[in-house]
Protein chains: 2
Amino acid sequence: MSGTQGLRERKKAETRLAVHRAALGLAVEKGYDGVTVEEIADTANISRRTFFNYFSDKADAMMYGEEERHRRLVATLRDRPAEESGWVALRAATLELFGSFDSPDREWIARTRLARRHPLLLARQLANLIHLEQQLATLVAERDGDTGVRPRVMVSSLLAALRAATNVWLDDEAGSLAEAIEEGLDVLAGPY
Amino acid sequence: MSGTQGLRERKKAETRLAVHRAALGLAVEKGYDGVTVEEIADTANISRRTFFNYFSDKADAMMYGEEERHRRLVATLRDRPAEESGWVALRAATLELFGSFDSPDREWIARTRLARRHPLLLARQLANLIHLEQQLATLVAERDGDTGVRPRVMVSSLLAALRAATNVWLDDEAGSLAEAIEEGLDVLAGPY
DNA sequence: TGCAAGTTTGCATCCCGTGCAGTTATTCCG
DNA sequence: CGGAATAACTGCACGGGATGCAAACTTGCA
């Protein structure tokens with residue numbers, strides 16, 4: 001029966017998710033500074049101390065889930081056909097994941113909206129993005145056999161476009177996110 | 001004689017700089033977490049409490065100077081000839097400032113190197129960059145009469161390229177920074 | 001059942017950041 | 001010059017964040 005692990009592992013995963021949801025929910029409701037670790041812990045029925053066994057800090061608990069998204073993008077890029085160039089594969093992987101016409105992950109939206117209102121969370125999110133950037137750049141560099149600055153610029157500007165498109169879309173949740181992202185990426189394609 | 005203000009103002013500026021230098025120096029020496037606000041304050045001959053009259057927190061004290069750089073870039077862009085398109089003006093302003101062949105600001109290098117080793121500082125630096133991005137995007141949008149996603153993507157990818165080039169250059173301080181940046185920007189020009 | 005390993009918890013501790021109020025320094029002006 | 005007004009510095013107290021430690025307590029397994 002056990003999904004992937006013993007009861008111990010499953011319980012941990014459950015608790016982690018519960019803590020995350022508590023953190024995110026409270027923060028949405030009362031703002032980042034308006035919520036204490038103690039509240040989060042209470043809401044999730046664990047002790048203050050145990051909170052820190054699961055997450056390294058408050059921001060970490062709230063932003064849980066980003067890593068998973070990032071892992072998926074990296075995996076998707078890696079799985080693109082080997083004959084595709086770095087740019088083609090990168091663009092395709094991005095649209096494949098973020099450009100889905102399905103309604104995007106509500107929790108991701110909640111996290112991102114929250115981050116836009118709280119500099120500390122925004123900073124954290126951006127730092128995570130840098131990490132993603134490095135992983136992607138490595139893959140692109142391998143694909144194109146280019147160890148120079150080009151893969152890095154390519155990846156970081158793609159992520160920049162992704163960010164810009166997402167922000168525009170979040171300003172007025174009009175139209176589909178997929179369209180906004182495609183439009184953002186197209187700006188990169190043509191010369192300015 | 002007074003440069004711009006009375007003795008009061010000058011003294012404040014001096015102290016602020018002293019605190020910044022103390023913070024940066026100690027952090028370079030002992031790492032971000034290895035230095036406490038108290039140490040910084042002591043080194044700069046002020047009280048712990050007064051430290052917080054000058055800077056909102058430790059990271060702020062260490063990253064002091066970034067804002068000034070950013071203000072300069074914004075001003076430079078604003079001063080470009082009105083007939084230049086957003087992209088041309090942006091590129092020109094960037095090269096004008098960061099592409100100088102003079103040896104780049106040693107303190108900026110120290111800050112940036114430090115930020116690369118300390119996630120918390122990196123996060124802060126990136127958050128500042130977002131602020132710059134918004135200002136630049138507004139100016140570009142005005143120039144091009146475009147209220148859509150295009151100016152944002154343009155600006156954020158330019159900054160991304162700038163960042164990538166800087167990072168490559170910092171890895172092995174070989175060649176001039178100006179060349180690295182020009183190369184980075186050129187990647188954006190051509191299609192991938 | 002009982003032991004080994006893993007998890008939770010409380011406690012103590014240090015540091016960060018801020019409100020407050022008293023003291024000290026600077027500026028302004030009669 | 002000298003005193004009032006203003007601004008800056010400081011100590012204190014406090015709440016909250018984050019971590020090491022050791023004592024419970026669970027769980028898994030022989």
Side-chain angles (χ1 to χ4, degrees), chain A residues 1-20 22-24 26-27 29-64 114-115 118-124 127, chain B residues 1-20 22-24 26-27 29-64 114 118-121 123-124 127:
Chain A
M1 250 316 175
S2 68
T4 48
Q5 291 285 341
L7 176 135
R8 237 170 187 154
E9 299 298 321
R10 265 184 294 130
K11 263 201 139 180
K12 273 193 81 156
E14 251 175 62
T15 302
R16 172 171 262 105
L17 198 59
V19 174
H20 164 60
L24 189 57
L26 288 171
E29 181 186 345
K30 311 164 65 168
Y32 179 80
D33 296 311
V35 49
T36 68
V37 169
E38 187 152 22
E39 277 180 290
I40 299 171
D42 283 355
T43 305
N45 286 311
I46 56 172
S47 72
R48 207 176 78 87
R49 189 62 185 81
T50 300
F51 171 91
F52 289 105
N53 288 344
Y54 281 94
F55 296 104
S56 63
D57 56 39
K58 235 193 332 180
D60 198 30
M62 293 173 190
M63 289 299 122
Y64 176 68
L114 191 64
H118 297 283
L120 231 140
L121 291 179
L122 178 61
R124 177 67 64 105
Chain B
M1 248 319 174
S2 70
T4 47
Q5 290 286 342
L7 177 136
R8 232 169 191 159
E9 300 298 320
R10 263 183 297 129
K11 262 200 139 178
K12 271 194 81 156
E14 251 175 61
T15 302
R16 172 170 261 105
L17 198 59
V19 174
H20 165 60
L24 191 57
L26 287 170
E29 182 187 344
K30 312 164 65 168
Y32 179 80
D33 296 311
V35 48
T36 68
V37 169
E38 188 152 22
E39 277 181 290
I40 298 171
D42 284 354
T43 305
N45 285 309
I46 57 173
S47 72
R48 202 178 80 87
R49 188 62 185 79
T50 299
F51 171 92
F52 290 105
N53 288 343
Y54 282 94
F55 297 104
S56 62
D57 57 37
K58 239 195 326 181
D60 197 32
M62 291 172 190
M63 288 300 124
Y64 176 66
L114 192 63
H118 297 282
L120 233 139
L121 291 179
R124 177 66 63 106

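Convention: sequence-line order gives letters A, B, ...; per-chain numbering from 1.
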Compare side-chain N and O positions of B:Lys11 against OP1 and OP2 of D:dC9 and report whether any pair is under 4.0 Å apart. no
Side-chain N or O of A:Tyr54 less than 4.0 angstrom from OP1 or OP2 on C:dT8?
-> yes
Separation of D:dT19 atom P from B:Asp33 atom CG, nearest Å, is 9 Å
Note: B:Ala22 and B:Ile40 closest approach over all heavy atoms is CB-O, 4.1 Å
Practice prompt. Give a yes or no on whether a donor-acceptor pair under 3.5 Å exists between the nucleobase atoms of C:dG17, that is its base, and the side chain of B:Arg49.
Written response: no
- Query: Touch check for B:Asn53, heavy atoms < 4.0 angstrom, all strands: base, sugar-phosphate only, or nothing?
  - Reply: base
Taken to the nearest whole Å, CZ/A:Arg10 to P/C:dG6 is 18 Å
The nucleotide from C:dG17, C:dC15, D:dT26 with an atom nearest the side chain of A:Arg8 is D:dT26
Q) Which class fits the ring pair A:Tyr32 and A:His118: parallel under 30°, tilted 30 to 60°, perpendicular over 60°? A) tilted
Let me see the working for B:Phe55 and B:Met62 under side chain to side chain contact (heavy atoms under 4.5 Å, CB included), right down to the final yes or no.
CA-CA 9 Å; B:Phe55 297 104; B:Met62 291 172 190; over 6 Å; no
Taking every heavy atom of A:Glu39 against every heavy atom of A:Gly34, the minimum-distance pair comes out as OE1-O, 3.5 Å
Ranking C:dC15, C:dT7, C:dA12 by distance to the side chain of A:Lys12, first place goes to C:dT7
From the candidates C:dT9, D:dT10, C:dG17, the one with an atom nearest any side-chain atom of B:Phe52 is C:dG17
D:dT10 phosphate, OP1 or OP2, under 4.0 Å from B:Thr50 side-chain N/O: yes
Which of D:dA8, D:dT10, C:dC16 is nearest the side chain of B:Lys58? It is C:dC16
Comparing nearest nucleotides in DNA chain D, the 5'-proximal residue of the pair B:Asn45, B:Arg48 is B:Asn45
